[in-house]
Amino acid sequence: MKPYWSIRMRASRRRDGKRPTADGQEEIHISGAEGLYRDDRLQTVIRRYVERALHHPKGAVDTITITAERVAQEPHVIRSLPVRTVRSRDPEESVSIAREILSTLGIMPRAIHRALLIVMKGGMRGASLMSVARGTRHEPDMQRGVRVSRLGITPSAAKTLSRVLSRHRIDTETVKEAIILASKVLSREEVIAELCISDDPDYTTGYVASRKYGYIRIPNMKPCGSTSGGRVFFVSEGSNVPALVQFLERTPVMVGKVSSCLGIVSKDEIFDRSHR
Ligand code: WAQ
Ligand code: MG
């Protein structure tokens with residue numbers, strides 16, 4: 001079997017000297033990307049990642065770090081989460097829908113409140129790990145968060161995913177990468193849900209993912225122009241956090257099968273019938 005390579009990109013911009021953030025960060029995270037690819041794709045993907053770092057809506061960068069690492073372990077193969085988009089007009093309605101889904105999954109108001117504060121604040125490079133009952137944060141580095149890596153999609157599954165998404169005109173890199181990430185994260189039993197809002201100022205669609213309801217896209221999660229955004233993974237109380245972090249960062253996982261994409265639904269339709 002030909003080996004896979006884990007390719008990662010991160011791009012940042014130094015802060016102009018006088019204005020360190022409240023939390024003392026010296027650089028602004030602009031963009032990041034990661035994937036698992038066969039070696040014949042290495043050059044194309046690296047070129048694409050560099051392009052992406054250089055032309056980002058969050059602005060100019062002064063450092064781009066690319067890492068390519070051969071992965072010895074054979075990837076786990078998983079199925080992607082089913083996808084739906086919920087109808088919502090404005091941030092107020094969207095946030096309330098996100099709250100309702102999370103709360104139906106058994107996540108306590110305190111944890112939901114804290115998670116929303118994190119994604120509204122933004123500025124992290126990775127995700128927060130939050131316990132579902134107490135809302136305790138478990139990521140080892142609270143400024144950086146946990147960065148999910150070593151994830152990808154097989155070429156044949158990528159074709160299928162593109163086909164099902166294009167019927168609803170959402171066949172974009174952004175959507176595909178987010179579905180792959182959420183599918184890896186939710187393949188772990190101890191993760192109950194993920195909340196995500198993009199940090200790109202011109203991308204306002206977020207999602208809540210869970211095994212119960214699938215990947216629910218929520219448009220208008222934030223006002224256009226806002227650079228806040230982030231991710232929170234809700235974990236059961238008492239989870240083995242180091243083992244989970246190890247899995248998210250290091251275990252290679254490929255999407256090999258694709259679930260349905262059902263287009264736009266009302267909020268009530270989500271709860272009518274749980275998915276999968
Ligand atoms: N692992 C963990 N956290 C990450 C990762 C990763 N690999 N990549 C990004 N994040 C966190 C980080 O805090 C970012 O600030 C935040 O997520 C948002 O990242 O179906 O584009 O790359 O239309 O801006 C959702 C797509 C797009 C919704 C999400 O996220 C849809 C997106 P971004
Ligand atoms: Mg972004």
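In this text the structure is predicted, and so the values were computed from the model without any measurement.
Using a 4.5 Å cut-off on side-chain heavy atoms (C-beta onward), Val83 and Arg217 make contact. The shortest distance between side-chain heavy atoms of Ile153 and Leu161 falls below 4.5 Å. Side-chain contact between Val235 and Val132 is absent, with no heavy atoms from C-beta onward closer than 4.5 Å. At a threshold of 4.5 Å between non-hydrogen side-chain atoms, the residues Arg231 and Leu181 count as touching. Contact annotation: the side chain of Met124 never approaches that of Gln143 to less than 4.5 Å [non-hydrogen atoms, C-beta and beyond]. Counting only heavy atoms from C-beta outward, the side chains of Val71 and Arg150 approach each other to under 4.5 Å. For the pair Glu177 and Leu151, the minimum side-chain heavy-atom distance is 4.5 Å or more. In this structure, Leu244 and Asn240 have side chains that are not in contact, with every pair of non-hydrogen atoms separated by 4.5 Å or more.
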> For Val86 and Ile270, what are the C-alpha separation, side-chain angles and deciding distance, and is it a side chain to side chain contact (heavy atoms under 4.5 Å, CB included)?
Replying inline: CA-CA 8 Å; Val86 64; Ile270 298 173; 3.7 Å; yes
>> Quick one, Leu116 with Arg99, criterion side chain to side chain contact (heavy atoms under 4.5 Å, CB included). Give me CA distance, side-chain angles, the key distance, then yes/no.
In response: CA-CA 9 Å; Leu116 284 166; Arg99 275 183 197 283; 3.6 Å; yes
> Are Ile197 and Tyr207 close enough, and set up right, to give a side chain to side chain contact (heavy atoms under 4.5 Å, CB included), and what steps lead you there?
Replying inline: CA-CA 7 Å; Ile197 302 181; Tyr207 65 84; over 6 Å; no
>> Working note: Lys2 + Asp40, criterion side chain to side chain contact (heavy atoms under 4.5 Å, CB included); need CA distance, chi angles, decisive distance, verdict.
In response: CA-CA 10 Å; Lys2 274 199 290 178; Asp40 57 348; 4.0 Å; yes
> Are Ser94 and Asn220 close enough, and set up right, to give a side-chain hydrogen bond (donor to acceptor under 3.5 Å, both in side chains), and what steps lead you there?
Replying inline: CA-CA 6 Å; Ser94 300; Asn220 307 312; 5.1 Å; no
> What's the verdict on side-chain hydrogen bond (donor to acceptor under 3.5 Å, both in side chains) for Arg10 and Ser12, showing C-alpha distance, side-chain angles and the deciding distance?
Replying inline: CA-CA 7 Å; Arg10 90 179 201 86; Ser12 59; 4.7 Å; no
> Passes side-chain hydrogen bond (donor to acceptor under 3.5 Å, both in side chains), Ser103 versus Glu100? Steps please.
Replying inline: CA-CA 5 Å; Ser103 145; Glu100 194 170 339; over 6 Å; no
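Phe247 carries Arg188 over the face of its six-membered ring, with the cationic atom under 6.0 Å from the centre and within 45° of the normal. Cation-pi geometry between Arg84 and Tyr215 is not met at under 6.0 angstrom from the ring centre and within 45 degrees of the axis.
Applying salt bridge (Lys or Arg N to Asp or Glu O under 4.0 Å) to Arg147 and the options Glu34, Glu139, Glu249 leaves one that passes, Glu34. Screening Asp199, Asp202, Asp200 for a salt bridge (Lys or Arg N to Asp or Glu O under 4.0 Å) with Lys58, the sole residue that qualifies is Asp199. The residue from Val258, Val164, Ile180, Leu186 that alone fulfils the side-chain contact (heavy atoms from CB on, under 4.5 Å) condition with Ser80 is Val258.
Among all heavy-atom pairs drawn from Ile107 and Ala111, the shortest one is CG2-CB, 3.8 Å. Across all their heavy atoms, Ala157 and Lys257 have their closest contact at CB-N, 4.3 Å. Taking each heavy atom of Met254 and Pro75 in turn, the nearest pair found is CG-CB, 3.5 Å. When all heavy atoms of Ile78 and Ser187 are compared, the pair lying nearest together is CG2-CB, 4.2 Å. The shortest heavy-atom contact between Ala115 and Phe234 is CB-CZ, 3.4 Å.
Rounding to the nearest 0.5 angstrom, the gap separating the OG atom in Ser162 from the CD1 atom in Ile170 is 11.0 Å. Between the CG atom in Leu36 and the OG1 atom in Thr154 there is a gap of 11.5 Å [rounded to 0.5 Å]. Distance check, rounded to the nearest 0.5 Å: CG of Leu195 to CD1 of Ile101 gives 9.5 Å. Atom-to-atom distance recorded for Lys267:NZ and Ser96:OG is 6.0 Å, nearest 0.5 angstrom. Rounding to the nearest 0.5 angstrom, the gap separating the OG atom in Ser149 from the CG atom in Leu248 is 10.5 Å. A distance of 10.0 Å separates CE of Met221 from OG1 of Thr205, quoted to the nearest 0.5 Å.
With hydrogens and angles ignored, the 3.5 Å screen pairs a side-chain donor or acceptor of His168 with a backbone N or O of Cys261. In this structure a side-chain-to-backbone donor-acceptor pair under 3.5 Å is present from Ser166 to Arg163. Counting only distance, with no hydrogens or angles, the side chain of Arg87 and the backbone of Pro219 share no donor-acceptor pair below 3.5 Å. Remark: side-chain polar atoms of Glu69 are not paired, donor with acceptor, to backbone N or O of Trp5 under 3.5 angstrom. The backbone N or O of Lys222 lies less than 3.5 Å from no partner atom in the side chain of Ser226, so there is not a single donor-acceptor pair. Using modelled atom types, one side-chain atom of Ser131 and one backbone atom of Thr136 make a donor-acceptor pair closer than 3.5 Å. Between the side chain of Arg110 and the main chain of Gly135, no donor-acceptor pair closer than 3.5 Å is present. Using modelled atom types, one side-chain atom of Glu93 and one backbone atom of Arg89 make a donor-acceptor pair closer than 3.5 Å. In this structure a side-chain-to-backbone donor-acceptor pair under 3.5 Å is present from Ser236 to Glu190. Within the 3.5 Å criterion, the main-chain N or O of Leu81 finds a donor-acceptor partner in the side chain of Ser183.
There is a path of hydrophobic side-chain contacts, each under 4.5 Å, that joins Ile192 to Leu102. A single hydrophobic cluster is seen to contain both Ile118 and Val95, as judged by linkage of ILVMFWY side chains at heavy-atom distances under 4.5 Å, directly or through other members. In the hydrophobic clustering of ILVMFWY residues, with side-chain heavy atoms under 4.5 Å counting as a link, Leu117 and Met130 come out apart. Linking ILVMFWY side-chain heavy atoms closer than 4.5 Å, directly or via other members, places Val232 and Tyr213 in a single hydrophobic cluster. A single hydrophobic cluster is not seen to contain both Val253 and Tyr37; linkage of ILVMFWY side chains at heavy-atom distances under 4.5 Å, directly or through other members, places them apart.
Summarising the local packing, CD of Gln43 is surrounded by 12 or fewer heavy atoms from other residues, nucleotides or ligands at distances under 6.0 Å. Heavy atoms from other residues, nucleotides or ligands lying under 6.0 Å from CD of Glu92 number 12 at most. Applying the 6.0 Å contact sphere to CZ of Arg144 captures more than 12 heavy atoms from other residues, nucleotides or ligands.
Looking at Arg15 and Glu27, no side-chain N of the basic residue comes within less than 4.0 Å of a carboxylate O on the acidic one, giving no salt bridge. Salt-bridge annotation for Arg48 and Glu51: absent, with no side-chain N of the basic residue lying under 4.0 Å from a carboxylate O of the acidic one. A salt bridge is defined here as a Lys NZ or Arg NE, NH1 or NH2 lying under 4.0 Å from an Asp or Glu carboxylate O, and Arg134 with Glu237 meets this definition.
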